[in-house]
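We number each residue from 1, following the sequence as shown. Please read all numbers here as calculations on a predicted model, not as lab measurements. Whatever order the structure lists ligands and atoms in, that order sets their numbers, starting from 1.
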Amino acid sequence: MNQLDLFSHITGAYASASDGELTNDALYRAVADRAGIDIGAMNATVPIGKARTQRSPIKRAVRWYQQDLRAMGVIEKVPDARGVWRLTEEAGRKLKRSQSSVKMVAFSTKLGVAIWGSNQDVYPHLGQPIMLALTSPPYPLRCARAYGNVNEQEYVDFVVRSLEPIVKNLAPEGSIVLNVSQDIFMSRSPARSTYNERLVLAICDRLGLHLMDRFVWHNASKPPGPIQWASKERVQVNVAYEPVYWFAADPLRVNADNRRVLQPHSARHAALIARGGEQRQAVFGDGAYRINPGSFGNPTAGAIPRNVLAFGHQCADSAAHRRRARDLGFATHGAPFPHSIPNFFIRFLTEVGQLVVDMFGGTLKTGLAAERLGRRWMVTENILDYIRPSAELFRQFPGFEINPGFEEVRGAG
Ligand SMILES: C[S@@+](CC[C@H](N)C(=O)[O-])C[C@H]1O[C@@H](n2cnc3c(N)ncnc32)[C@H](O)[C@@H]1O
């Protein structure tokens, strides 16, 4: 049983207990039951520590995790009752109190866990190798979104701080992918901020990561803008892309494989392959490129994608999230990315079973794509309005469990 499973089994055991209270013995039985472990295996002891005392390693792991959950404010000791623990008020019994310090498992599946809370409080406790952290932090917008934005001066430090616990847990083959905006303008000026350049340098210099690529997310359906400088003053053109930066812990070991993201050949290329490739002989670029008879004729499994990703921002999952949010009385999310973004990077940079995280979860697209692709996942989102409706998008997946307190919570309407 891995730590992620333990995390959700233990929190789930407290959430399902009447009053959320459990003695440790009852907790061991509930965890064994949830994890499908035989109670005999749970009780089996081995010599542990210098004193070689006989102890159960599974029970010991449960108690360690119990301490982590206590440190995270998810569970607390019941006063005057020895060895009895319960969910804290913030973590299950009064969910409507949406405080920034709340940290709780909102829901989980066999593959992943969604945590309502601030990423800074969660990832330092992870203790598992992350193969991919894929996220879109709040942008340094002048006109803030409802969930709040950091200003441009503080932005680089804010993102670096959010990445620190991730980098600590990043697998040597792991990657970090960041979708940000390059449409941040200087005050009263059509000149763009150079924060993107500062951000990339800070991530490489301060966190020791390596820049692998600056992907362009070409979104042809972006609304026209910047209104002031393109539509009114006419000194800029409309924007159509956002950068997506890809960083690796170690470029020579990175777990990237473009064969996992091959695209169908164009009709023209398929016809070329069918003809047996080029029929001509030609030289281009002062000898840098040559075409010989037969070139490009090998049948291949697909085309290697280019680093311009043409994805519209509309997606069925965003629409479903909006519907669920309205049904439950919550605010809708103002800046989701489409499922196609995490779907591409998760396939490109991870394999089945590896761990994908998103520290700024929003509508939980990263979790959703990871779940569909058979990757393990952990997502944090600190706004209840966004994470509660997301749970509805995961109900059909194996092992879905929702914290009963979280399930009941509704928005103001
Ligand atoms: C740009 S949105 C991410 C949208 C997401 N990619 C999606 O597709 O829905 C940034 C999100 O980060 C959340 N957020 C901001 N600070 C956070 C923190 N410290 N911990 C967890 N989430 C945070 C915001 O509430 C917001 O939903």
Side-chain angles (χ1 to χ4, degrees), residues 72-73 98-106 113-126 132-141 143-151 154-155 157-166 176-184 217 219 242-245 309 311-325 330-346 356-372 377-394 411:
M72 291 165 72
S98 148
Q99 306 164 338
S100 60
S101 61
V102 170
K103 300 164 277 313
M104 60 165 283
V105 174
V113 57
I115 297 177
W116 177 32
S118 175
N119 50 41
Q120 286 295 302
D121 301 321
V122 172
Y123 294 97
H125 302 268
L126 185 63
L132 171 65
L134 165 62
T135 199
S136 177
Y139 297 170
L141 300 175
C143 176
R145 300 273 181 206
Y147 48 73
N149 296 84
V150 176
N151 69 38
E154 296 162 25
Y155 195 73
D157 286 341
F158 164 72
V159 174
V160 168
R161 229 179 12 254
S162 315
L163 293 179
E164 274 164 3
I166 302 296
I176 295 185
V177 170
L178 292 183
N179 164 222
V180 291
S181 172
Q182 70 118 18
D183 300 318
I184 309 303
W217 168 24
N219 175 3
E242 288 186 3
V244 182
Y245 299 116
L309 304 172
F311 298 139
H313 64 249
Q314 304 286 4
C315 100
D317 297 317
S318 296
H321 191 276
R322 272 196 302 278
R323 265 196 318 276
R324 298 302 190 172
F330 289 110
T332 54
H333 198 285
F337 56 35
H339 176 261
S340 41
I341 298 268
N343 176 277
F344 175 83
F345 286 103
I346 292 172
V356 177
V357 304
D358 186 345
M359 306 78 89
F360 297 98
T363 56
L364 268 81
K365 295 289 169 30
T366 303
L368 207 49
E371 177 77 37
R372 288 179 180 144
W377 56 270
M378 180 185 259
V379 175
T380 41
E381 167 55 51
N382 66 353
I383 295 197
L384 183 64
D385 290 64
Y386 308 145
I387 191 168
R388 173 61 190 88
S390 300
E392 302 306 316
L393 310 185
F394 286 77

So, does Thr332 use its side chain to make a donor-acceptor pair with the main chain of Arg322 at under 3.5 Å?
no
Can you find an N or O of Tyr386 that's nearer than 3.5 Å to an N or O of ligand 1?
no
Which option wins on minimum heavy-atom distance to atom 17 (C) of ligand 1: Thr363, Asn382, Asp385?
Asn382
Subset of ligand 1 atoms that lie under 4.0 Å from at least one heavy atom of Met359
20 (N), 21 (C), 22 (N)
No-hydrogen, no-angle side-chain donor-acceptor test under 3.5 Å, Glu381 and Trp116
no
Counting only nitrogen or oxygen atoms and a 3.5 angstrom limit, does Phe337 reach ligand 1?
yes
So the atoms of ligand 1 within less than 4.0 Å of a heavy atom of Gly117 turn out to be 20 (N), 21 (C)
For ligand 1, note which part of Gln120 has a heavy atom under 4.0 Å away: side chain, backbone, both or neither.
neither
Qualifying residue for ring-ring contact (aromatic ring centres under 6.0 Å, His included) with Phe360, from Tyr123, Phe158, Tyr386:
Phe158
I need the contact type for Glu381 against ligand 1. Using non-hydrogen atoms and a strict under-4.0 Å cut-off, is it side chain, backbone, both or neither?
both
For ligand 1, which atoms, with element, lie under 4.0 Å from some heavy atom of Gly361?
5 (C), 7 (C), 9 (O)
Provide the number and element of each atom of ligand 1 under 4.0 Å from a heavy atom of Ser136.
1 (C), 2 (S), 3 (C), 6 (N), 10 (C)
For ligand 1, which atoms sit closer than 4.0 Å to a heavy atom of Ile383?
25 (O)
For Glu242, all residues meeting salt bridge (Lys or Arg N to Asp or Glu O under 4.0 Å), sequence neighbours excluded:
Lys222
Show me the donor-acceptor pairs, under 3.5 Å and distance only, between side chains in residues 334-343 and residues at least two apart or in other chains.
unit_1: His339; atom_1: NE2; unit_2: Arg372; atom_2: NH1; d: 3.0
unit_1: Asn343; atom_1: OD1; unit_2: Arg347; atom_2: NE; d: 3.0
unit_1: Asn343; atom_1: OD1; unit_2: Arg347; atom_2: NH2; d: 3.1

Look only at interatomic distance and state if Asp358 has a nitrogen or oxygen under 3.5 Å from any nitrogen or oxygen of ligand 1.
no
Could you tell me if the side chain of Val379 sits less than 4.5 Å from the side chain of Ile115, heavy atoms only?
no
With the side chain counted from C-beta on, respond yes when Leu178 and Val159 share a heavy-atom pair under 4.5 Å apart, and no when they do not.
yes
Test item: Thr380 and Asp358 side chains (from C-beta on) under 4.5 Å apart, heavy atoms:
no
